[in-house]
Number of protein chains: 2
Amino acid sequence: MAEVMTNLSRKEQVIRMAAELFKEKGYSAASMRDLAQKLGIEAASLYSHIKSKEEILRTLCFDMAAEFRASLSEVEKQNVSVSEKLRLGIIGHVKVMAKDLTASAVFMNEHRHLSQPYLRDFLLLRINYINRFKTIIEQGVSSGDFKKDIDTKLAVMTLFSSLNWMPAWFSPDSTIEPEKLGQQLADMLIDGLKQKA
Amino acid sequence: MAEVMTNLSRKEQVIRMAAELFKEKGYSAASMRDLAQKLGIEAASLYSHIKSKEEILRTLCFDMAAEFRASLSEVEKQNVSVSEKLRLGIIGHVKVMAKDLTASAVFMNEHRHLSQPYLRDFLLLRINYINRFKTIIEQGVSSGDFKKDIDTKLAVMTLFSSLNWMPAWFSPDSTIEPEKLGQQLADMLIDGLKQKA
DNA sequence: TGACAAAACTAACAACTGTTAGTGGAAGAA
DNA sequence: TTCTTCCACTAACAGTTGTTAGTTTTGTCA
């Protein structure tokens with residue numbers, strides 16, 4: 001038990017460092033020797049902890065995916081108005097990202113380096129997640145909460161684009177809390193910039 | 001003269017193919033042998049046309065940057081309302097991207113592989129461009145066109161995030177014209193999703 | 001035809017890639 | 001003590017990387 005804990009802890013340390021490196025240099029440009037150096041060990045020693053470079057990427061991508069899905073499931077259960085549901089979905093997404101900005105950045109930008117069949121699985125998970133948001137928006141259009149002439153595909157892609165670049169510019173030592181940031185983002189996307197006449 | 005044309009044409013062909021490859025696999029994962037194969041020649045033959053792999057990336061990034069800046073300068077000259085100016089800026093940005101989606105994707109996702117001092121120069125250009133958009137939004141807040149409680153930094157980053165992921169999901173054979181897409185995007189960001197009460 | 005430039009070729013380089021095999025030390029449990 | 005597990009090591013592999021030097025083919029124009 002204690003050994004398992006220690007092992008996991010060391011393995012997780014490797015994965016965390018790898019996430020930082022992948023975020024900084026990109027998956028392909030980050031070498032196992034770079035990673036080893038960051039940990040103060042030899043490259044070959046990494047393989048006491050992980051099976052391969054790609055296994056690290058898989059872990060990072062699929063763990064994040066699971067968190068996003070869990071967050072959205074929680075929101076879907078709630079019995080609230082559509083625009084509130086969208087708002088909660090956005091806030092949940094932001095919170096998950098904020099919990100680990102580094103892993104989020106890797107999840108967002110490096111997943112394409114997964115090999116098959118993992119890449120396919122990953123993309124399926126992602127499209128499912130996006131479609132669940134799209135459904136919320138469509139419900140809003142039907143119910144009259146949102147404008148009737150909205151292109152829902154465009155809307156949902158815009159939404160995700162805004163969300164997904166957050167790790168690139170949001171600094172972890174920012175004074176603003178994730179909850180608040182999500183709130184503001186939701187406001188902006190739902191209500192727009194313009195002063196109501 | 002004719003020789004120069006031919007030379008340029010072939011060099012541009014190399015750069016175009018490289019853009020596709022860089023977009024697909026990422027700059028680091030794309031090898032010069034991959035690129036050569038796409039052109040039906042040997043890797044070493046590429047060096048009759050270009051100085052180095054990074055020179056290609058530089059060309060792609062800085063040429064796109066110049067186009068974005070030119071587009072925005074055009075808009076800034078116009079004597080129109082603030083929200084119209086923002087709208088025009090967005091449409092211009094979308095049009096520039098749509099003219100070459102492949103190069104845009106590289107510009108967006110691969111610029112970090114530039115070495116110094118080019119990377120620094122690139123980032124300075126980018127921040128200048130972003131700040132000019134931010135100024136427009138700030139003017140809108142001052143003039144009362146936009147809401148007073150807007151976080152302009154958040155607003156401008158959200159704007160760019162939405163814009164910048166477009167190359168990733170916008171298909172070139174889409175029926176929608178860039179002009180129209182830019183229009184819709186601007187509507188969404190400025191007016192929001194919500195039906196006005 | 002001959003000259004010239006563009007654009008391709010072959011061969012090779014040094015460095016770097018992810019990964020494996022096999023080894024040994026350290027620490028805790030028996 | 002001895003056994004086991006974790007975690008590091010050295011040495012080496014086969015393949016790939018960007019790039020160079022030098023040469024030959026190709027096409028155009030005088």
Side-chain angles (χ1 to χ4, degrees), chain A residues 1-22 24-61 106 110-116 118-119, chain B residues 1-22 24-61 106 110-116 118-119:
Chain A
M1 183 68 160
E3 291 110 356
V4 174
M5 285 279 286
T6 314
N7 177 25
L8 272 184
S9 157
R10 188 55 170 161
K11 180 171 182 173
E12 278 179 350
Q13 215 174 318
V14 169
I15 292 174
R16 281 204 160 275
M17 280 287 188
E20 281 179 35
L21 199 65
F22 292 172
E24 255 175 62
K25 313 184 75 173
Y27 178 77
S28 290
S31 80
M32 296 304 271
R33 282 166 182 84
D34 288 339
L35 177 53
Q37 199 177 20
K38 279 194 87 166
L39 290 156
I41 61 177
E42 292 297 315
S45 308
L46 292 167
Y47 292 82
S48 302
H49 308 288
I50 47 117
K51 285 196 198 70
S52 68
K53 186 184 180 186
E54 206 195 316
E55 189 207 37
I56 302 177
L57 184 60
R58 277 204 298 271
T59 304
L60 288 166
C61 289
V106 173
E110 310 300 331
H111 67 259
R112 63 169 153 172
H113 294 108
L114 289 169
S115 65
Q116 299 292 8
Y118 305 102
L119 179 57
Chain B
M1 181 66 161
E3 291 108 355
V4 174
M5 284 281 284
T6 313
N7 178 25
L8 273 184
S9 159
R10 188 55 170 162
K11 179 170 183 176
E12 276 178 353
Q13 215 173 318
V14 168
I15 292 175
R16 281 205 160 273
M17 280 288 190
E20 281 179 36
L21 199 65
F22 292 172
E24 255 175 62
K25 314 184 76 175
Y27 177 77
S28 289
S31 80
M32 295 305 270
R33 282 166 182 83
D34 288 340
L35 176 55
Q37 198 176 21
K38 279 194 86 166
L39 290 156
I41 60 176
E42 292 297 314
S45 308
L46 292 168
Y47 291 83
S48 301
H49 308 286
I50 49 117
K51 285 198 199 67
S52 68
K53 186 184 180 186
E54 205 195 316
E55 188 207 36
I56 302 177
L57 183 61
R58 276 204 300 270
T59 304
L60 287 167
C61 289
V106 173
E110 310 300 330
H111 67 260
R112 64 168 152 174
H113 294 108
L114 289 169
S115 66
Q116 298 293 6
Y118 306 101
L119 180 58

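Please read these numbers as outputs of a predicted model, since none were measured by experiment. Lettering follows sequence order; numbering is per chain, from 1.
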Write down the distance between [atom1] ([X]) and [atom2] ([N]), rounded to a whole number of angstrom.
X	N	atom1	atom2	value
L21(A)	dT17(C)	CG	P	11 Å
L46(A)	dG18(C)	CG	P	10 Å
E12(A)	dC6(D)	CD	P	15 Å
D34(A)	dA15(C)	CG	C1'	14 Å

- prompt: Considering only heavy atoms from C-beta outward, does the side chain of M32(B) approach that of I50(B) to under 4.5 Å?
  reply: yes
Per-nt protein contacts along nucleotides 18-25 of chain D (heavy atom under 4.0 Å; B base, S backbone sugar-phosphate only, - none) come out as BBB-----
(message) Other residues, nucleotides and ligands only: do more than 12 of their heavy atoms fall within 6.0 Å of CD on E54(B)?
(response) yes
field: Check against side-chain contact (heavy atoms from CB on, under 4.5 Å), Q13(A) and R16(A)
entry: CA-CA 5 Å; Q13(A) 215 174 318; R16(A) 281 204 160 275; 5.8 Å; no
Is there a donor and acceptor pair, one atom on the side chain of S48(B) and one on the base of dA6(C), closer than 3.5 Å? no
When A29(B) and E42(A) are each assigned the nearest nucleotide of DNA chain D, the 5'-most assignment goes to E42(A)
Residue pair [X] / [Y]: nearest heavy atoms and the distance that separates them:
X	Y	result
F22(B)	A30(B)	CD2-CB, 3.7 Å
L21(B)	S31(B)	CD2-O, 3.9 Å
A18(A)	L35(A)	N-CD1, 3.5 Å

Less than 4.0 angstrom between a side-chain N/O of H49(A) and OP1 or OP2 of dC6(D), yes or no?
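H49(A) to dC6(D) OP1/OP2: no side-chain N or O under 4.0 Å.
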